[in-house]
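One structure is given below, encoded as structure tokens.
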Amino acid sequence: MVEFLQLAIGGLKIGAIYSLAAIGFVVIHKATQTVNFAHGAFVAVGAYITYYLHESLQWHPAIAYVLAPIAVGVLAVGIEWSLLRPLRRADLLSVIVCTVFLGIAMMELLRHWFQSELLSVPGVFSEFGWFLPNDVYVSGETAWVLIAAIVAGVFAALIFDRLPIGRAMRAIASSYRGAQLCGYSVERTYAAAWFFGGALAGFAGVLAAAPMGIAPELTIATIVPAFVAAVIGGFDSVGGAIVGGLLLGLIETFAAGYISSAAKNASSFVIVFLILTFRPHGLFSGEKRRNV
Amino acid sequence: MKLQKLLFASALACTLALPAFAQQGVSEKEILIGGFGPTTGPLNWLGQGGRDGMILAIDEINEKGGINGRKVRLLHQGALTPAESIAAAKKLHEQDKVYAIVVGSGSTGAEAAADYLRDAGVPALNTLAVTTKIREPFAKNIFHGTTPSVLTLNAAYFRAIQAMKPKKVALLAGSYAFPQAELRATQPLIEKAGIEITTVQTYDLGDKDYTAQLVAIARTKPDVIVFFGQYQECALALKQAPEKGLGRTPWFVGGGNVTRALPRVAGKAAEGVRSVWIAPQFHGEGGMMGEFEARWAKRFGAPPEGRPAYSDIYAYGDMYILALAIKKAGNDLSWPNLIKSWESLKNAKPSDFGPGALDIILPHTYGENDHQGNDEVVPIVVKNGTFVTTR
């Protein structure tokens, strides 16, 4: 039982970071119909900004939680505006290919600039910790990552579902031309969606920096789980992405713990296969199916 | 018969009178040395270190007037994958016609190029690869520098683990080639010594979360945890260990983890971690290493995180050993004579080349059937946030 709880806590911690990365992925897709495979690179940029602010400029760690998401959000808007705008109406394959290689290019640029394989920042609240019954230990850092990711996720869901900008995103996604006729600005809404998605990726990067380390490979380490979490939750469900990420973290950790480490990665792909086969719209998507 | 003798004598005289620059890669004023290793991708720090260490040594050698009056020029090829490594070795030998090739890649690149180098016969110096595949079968033209064979390294690991006096050890190793090779070589030695192996856990390259493996290890209550892989993974595993109830269990880590980054990333969790190191001093221990780091910064500017790395150190020292062999070969720079000269080096160190060279590697000794320059390792432990040598 102790072991089960320890695995569950570890799985939820990593799953919380997956969730946050998946939400940004879903937000951009939901609003702009773009499957952004460069999203993992946004997470990595967030982590590197955290390192730069904390270690190079020696600023207070809290500043990274504000500045890194904003900076990554602005970067995401800039990339969409300068590189992806010509592809807005392009076919899905072109956009996927473009974002995949954009992500790789960003990863290699990070490697080139920082010339280091692994950087780190101190964990937040890592000096605190609590013993649960049966001597199960939860560190302050784990608690912080879990709480911050879930709060940010819920906050994102509220913005998307309740605020006017969220309504605009949903309108554009539903009908590009129809939304324009209703007076929604495509430019502004696209910018908002990319900023919002980028900022969530940046926040995921800040949270991931301490426990996962800061390396160019964070790009790959987050995009694959973010994609899987989005598939589990349904590509159009922010809430689904949160649950999908947490579920994935748990499944991976239990698979590694009770089967083997090889089963950890395999489990992600088995999940994607099963979901796409039996419930292609995900577990929590609001999409309706009609039989005609 | 008389004519035959005359012809033979004339041919011999011509050969002896032939200038040294008749040999590929040698001109009247220059010796061209080739090198390859990964300068992009995930192992760029390794290959860039190999390249920059050589550049630093060559600059110093040239400032001192070169080798027997000839300046040294380096031609370096970036090569990450096995295919790129073979292509780089082939290009350096066949197109660029270099005099000797320095293999500045890890085991993957060295293994890939090994057969080509053996067949080509061009003198080659392996500075960084531990693999046996570039050592066996033995080739007269391939020499090895600071990095010992994986077998030597693993015997040293075993001695260091034994010195920690454990009754039970848990093994945690990456599923990819390098840590698996370390695991395969060390595990039988541990078992043979009667030390119980409580569990063998594996992880995948680039894993970020070690919860499952650490929980499984904690369950078996080992006296020592032995980790094989790279520091990028080890640092995260170490950092996550206290939360899984392994805060007080000592760790022994493979040589690939002995970097400045490991204690920095893992923080307090790295205190007391033991390993082995293949140089007289670790970074920051002052003395010659301090001087090397200052020269490095002067030549290349403010170093990025983790540089100069061990690859910079080994390549710098090994380049001096190659220069010594060339120097000792004198004016006859034919490959057979270079090989003969190289095999005659005993306890060779950079300062043997001349004053100013830094002895930041362990002395190298070669023989006719022994091309492994260094077989020695130094115990090392993390103290106050950095590795320190303990001999």
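Each chain gets a letter, A, B and so on, in the order the sequences are listed, and its residues count up from 1. Quick caveat, the model's predicted, so the values are computed rather than measured. Just the heavy atoms: all of them, side chains too, but no hydrogens, waters or symmetry mates, feed the values below.
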Which bit of [X] comes within less than 4.5 Å of chain A, counting heavy atoms only: side chain, backbone, both or neither?
X: B/Thr202; value: both
X: B/Gln48; value: side chain
X: B/Gln230; value: neither
X: B/Ala218; value: neither

Does B/Phe300 have any ring pair (Phe, Tyr, Trp, His ring centres under 6.0 Å) partners at least two apart in sequence or in another chain, and if so, which?
-> B/Trp296
Listed by number, the residues in residues 266-276 of chain B that come under 4.5 Å of chain A (heavy atom to heavy atom) are none
Where B/Arg264 and A/Leu118 come nearest, the two heavy atoms and their spacing = NH2-O, 3.3 Å
Closest contact, heavy atoms only, B/Arg219 versus A/Gly257 = NH2-O, 4.4 Å
Residues of residues 197-212 of chain A contacting chain B, heavy-atom criterion under 4.5 Å, by residue number = A/Ala210, A/Pro211, A/Met212
Rounded to the nearest 0.5 Å, how far does CG of B/Asp209 lie from OH of A/Tyr18?
-> 6.5 Å
How long is the gap from OG1 on A/Thr253 to OH on B/Tyr210, to the nearest 0.5 Å?
-> 13.0 Å
Applied to residues 233-252 of chain B, the salt bridge (charged side-chain N to carboxylate O under 4.0 Å, His left out) test, sequence neighbours excluded, yields A/Lys13-B/Glu243
[X], part contacting chain B, at a heavy-atom distance under 4.5 Å:
X: A/Leu7; answer: both
X: A/Gln6; answer: both
X: A/Phe131; answer: neither

For atom [atom1] of [X], decide whether the heavy atoms of other residues, nucleotides or ligands shown that lie under 6.0 angstrom number more than 12.
X: B/Phe282; atom1: CZ; result: yes
X: B/Lys383; atom1: NZ; result: no
X: A/Tyr258; atom1: OH; result: yes

Name the member of B/Val265, B/Thr259, B/Leu262 that forms the most heavy-atom pairs with chain A at distances under 4.5 Å.
-> B/Val265
Check the pair B/Lys208, A/Ile17 against side chain to side chain contact (heavy atoms under 4.5 Å, CB included), reporting the backbone distance first and the verdict last.
-> CA-CA 12 Å; B/Lys208 304 284 183 198; A/Ile17 296 167; over 6 Å; no
